[in-house]
Amino acid sequence: MALGGLEVVPFSDGELNVDIKDNVRGRDVFIIQSTCMPCNEFLMELLITLDALKRASAARVTAVMPYFGYARQDRKVKPRVPITAKLVADLLTVAGASRILTADLHAGQIMGFFNIPVDNLNAFPILCPYIRANYGGADELTVVSPDAGGVERARIFATRLDNTPMAIIDKRRTRPNHVAEMKVVGDVQGRTCVIVDDMIDTASTLCKAAATLVGAGAKRVLAVATHGVLSGEAVERIEASPLERVVITDSIPLPEERTAKGSKIAILSIAPLFAEAIRRIHGDDSVSSLCE
């Protein structure tokens, strides 16, 4: 179906003005916006649009956020720091969101930050078929969690791939985006390892994990993730790493110049998954069964 009319006009001082071009009174509205880089600008644009739709008397407004920015700031790791994921949840609710539709939140407890319904899809229905089609013939396949916090995600992925064996990488961080030490827990000798994560940001940790697996005897290493943030020199790091393939979705729109030289990067469309979820929400059908 055709997109609704929406005009975003920036003022010279950076302020944004939103103009809804269609009648939305009493309608079920879905506004699609990933709060990726530039995160603050896209978040503010989403908030202003939600407010405009609420004031235009929309019956229900669902914020469809394929990538939920600030999700990594979901708890206090030291004194005097914010829990920004909770702040963003409050902002979205106050701005007028009736429901949130997103994918692979960095931490599931973020759903509890909202007092409105949240549907948190996972991209496994998109990623698993790719791995099964391209690497399913390898009976030595092993799913690897890049850290202890991702074990549950990796376990579900391994279960979908016919209960393949699992391994875990124990890593010690000294500061954000920097890992001092890594050790492999599990047998990866002579196996094809699939690192499963929710996002790839600078790719520094991912590339170090790949090198660690190769050092532990892995025959091949690839990675799958829902969100390809790919900031800084991430693409260059991936190209220079032992990784054979990095599979991500288009939950974050990536400029062609960021991936043109990334021959190791495969981008799968997550649009069909969100389209079906939107159809089910509008028709009051089950969304949870979509990811089963």
Check: So, D170 and K183, do they make that salt bridge, N to O below 4.0 Å?
Finding: no
Applied to residues 46-56, the side chain to side chain donor-acceptor pair (under 3.5 Å) test, sequence neighbours excluded, yields D51-R55
Residue pairs passing the side chain to side chain donor-acceptor pair (under 3.5 Å) test with at least one member in residues 83-97, sequence neighbours excluded, are Q73-T84, K86-D90
Given the options I265, L268, V194, V247 meets side-chain contact (heavy atoms from CB on, under 4.5 Å) only with L268
Checking L141, V188, L243, V214 against C193 for side-chain contact (heavy atoms from CB on, under 4.5 Å), the one that qualifies is V188
Please examine the side chains of M199 and I248, heavy atoms only from C-beta on, and report whether any two atoms are closer than 4.5 Å.
-> no
Just do the side chain to side chain donor-acceptor pair (under 3.5 Å) check on S57 and R27 with the steps written out, would you?
CA-CA 8 Å; S57 301; R27 303 295 180 87; over 6 Å; no
SB check K219 E140 (cutoff 4.0 Å):
yes
* Taking it one step at a time, do L222 and I131 satisfy side chain to side chain contact (heavy atoms under 4.5 Å, CB included)? -> CA-CA 10 Å; L222 52 142; I131 297 299; 3.5 Å; yes
Compute whether any side-chain donor of one residue and acceptor of the other, for D201 and S231, lie under 3.5 angstrom apart. yes
Residues passing the ring-ring contact (aromatic ring centres under 6.0 Å, His included) test with F68, sequence neighbours excluded, are none
### Task
Could you tell me whether D74 and R72 have a side-chain N and a carboxylate O separated by less than 4.0 Å?
no
Are there over 12 heavy-atom neighbours, none belonging to M166, within less than 6.0 Å of that residue's CE? yes
Any donor-acceptor N or O pair under 3.5 Å, side chains Y67, D250: no
A209 and I195 have their tightest heavy-atom pair at CB-CD1, 4.1 Å
Notebook entry, point to check: Can you find a side-chain donor-acceptor pair between R99 and T62 that sits under 3.5 Å?
Noted result: no
